Amino acid sequence: MRRLLLPAALLLTATGCLSMGGSSSRGTAAKPAAPPRPALVTAANVALGDSLFNNGGCMRCHGAKGVGGANGPALNDQQWVQFAEGTYENIRALIVSGVPAAKITDPSRKNPMGARGGRMNLSDAQIDAVAAYVWTLSHP
Ligand code: HEC
């Protein structure tokens, strides 16, 4: 029992600090703690993913830097239509599978997203990189 007291006290102190910090700087109060950076989100992967995304096929539908386009949703916000949370794993799995017509949630988007970037036919390492880049768009 006595062993539990110290961590509990630390937790209370930490919570107190967080709420104090939030009230002093505008807009930060509601922000959840930043998730840890996934292991594959390396500088090299983000750079490679950037060039694949913005010179390759992804920006055709999702817009340059993933701001969104007529055929693909924005990837730089924290809102997701294909999964609840934009974790690295969810993003990576979706790039592997693509989005077949039947799974498109917004019927105004007519063009399915090809598996592995469709014609880009991304390798596993390239998918690691594109997923790393896409993850950074919503985790600045
Ligand atoms: C032909 C158009 C097209 C291309 C090219 C394309 N996508 Fe998509 N993407 C879509 C559509 C359509 C959806 C699903 C939108 C919906 O459900 O309304 C989607 C969904 C996504 C999502 C999930 C977004 C969310 O809000 O849940 C991610 C992540 C994504 N695409 C990444 C990529 C990446 C990375 C590439 C390049 C390898 C790519 N897409 C290429 C059309 C495209």
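What you see is a predicted model, and the numbers here were worked out from it, not measured in a lab. Atoms within each ligand, like the ligands themselves, are counted from 1 in listed order.
Using a 4.0 Å cutoff on heavy atoms, Pro112 counts as a contact of ligand 1. Using a non-hydrogen distance threshold of 4.0 Å, Ile127 does not register as a contact of ligand 1.
Any N or O atom pair closer than 3.5 Å counts here, and Arg60 shares no such pair with ligand 1. Taking distance alone, with nitrogen or oxygen atoms compared against 3.5 Å, Gly117 stays at or beyond that limit from ligand 1. For ligand 1, none of its N or O atoms has an N or O atom of Trp80 under 3.5 Å away. Polar contact with ligand 1: absent for Asn71 (N/O pair, distance under 3.5 Å). Considering backbone and side-chain N/O of Asn111, none are found under 3.5 Å from N/O of ligand 1.
Heavy atoms only, all atoms of each residue included: Asp77 and Ser138 are closest at O-CB, 3.3 Å. Shown here for Ala101 and Pro112, the closest heavy-atom pair between the two residues is N-CB, 3.6 Å. Minimum heavy-atom separation, Gln82 to Thr105: NE2-CG2, 3.9 Å. Across every non-hydrogen atom of Trp135 and Thr87, the tightest pair is CD1-C, 4.1 Å. In this structure, Ala132 and Val41 approach most closely via the heavy-atom pair CB-CA, 3.9 Å. Here the closest heavy-atom approach between residue Met120 and residue Leu52 is recorded as CE-O, 3.3 Å.
Distances from atom 7 (N) of ligand 1 to the heavy atoms of Gln78, His62, Met120, Gln126 show the closest one on His62.
Contact atoms of ligand 1 toward Ile104: 12 (C), 16 (C), 17 (O), 18 (O) (distance under 4.0 Å to a heavy atom of the residue). Near Leu122, with a cut-off below 4.0 Å to any heavy atom, the atoms of ligand 1 are 38 (C). Of all atoms in ligand 1, listed by their number and element, those nearer than 4.0 Å to a heavy atom of Asp106 are 16 (C), 18 (O).
Only side-chain heavy atoms of Ile95 come within less than 4.0 Å of ligand 1; its backbone N, CA, C and O stay farther off. Contacts with ligand 1 closer than 4.0 Å are made by no heavy atom of Ala131, backbone or side chain. With a heavy-atom cut-off of 4.0 Å, Val130 touches ligand 1 through its side chain alone. With a 4.0 Å cut-off on non-hydrogen atoms, Leu52 does not touch ligand 1 at all. Only side-chain heavy atoms of Pro73 come within less than 4.0 Å of ligand 1; its backbone N, CA, C and O stay farther off.
Given atom 24 (C) of ligand 1, the protein heavy atom at minimum distance is Leu75 CD2, 3.7 Å. Closest to atom 3 (C) of ligand 1 among all protein heavy atoms lies Cys61 SG, 2.7 Å. Closest to atom 22 (C) of ligand 1, if we only count protein heavy atoms, is Leu94 CD2, 3.0 Å. At the shortest separation from atom 14 (C) of ligand 1 among protein heavy atoms lies Gln82 NE2, 3.7 Å. Shortest contact from atom 38 (C) of ligand 1 to any protein heavy atom: Cys58 SG, 2.7 Å. The protein atom (non-hydrogen) at minimum distance from atom 18 (O) of ligand 1 is Arg109 NH1, 2.8 Å. At the shortest separation from atom 33 (C) of ligand 1 among protein heavy atoms lies Met113 CE, 3.3 Å. The nearest protein atom to atom 5 (C) of ligand 1, hydrogens excluded, is given as Gly57 O, 3.3 Å; this is a heavy-atom distance.
A heavy-atom distance below 4.5 Å is found between the side chains of Arg109 and Asp106.
Ring geometry for Phe83 versus Trp80: interplanar angle of 30 to 60°, hence tilted.
Between the side chain of Tyr133 and the backbone N or O of Asp128, no donor-acceptor pair lies under 3.5 Å. With hydrogens and angles ignored, the 3.5 Å screen pairs no side-chain donor or acceptor of Asn54 with any backbone N or O of Ala64. At distances below 3.5 Å, not a single donor-acceptor pair connects side-chain atoms of Thr136 with backbone N or O atoms of His139. For the pair Arg116 (side chain) and Leu122 (backbone), a donor-acceptor distance under 3.5 Å is present. The backbone N or O of Val67 lies less than 3.5 Å from no partner atom in the side chain of His62, so there is not a single donor-acceptor pair.
Here the CZ-CG distance, from Phe53 to Leu137, works out to 6.5 Å after rounding to the nearest 0.5 Å.
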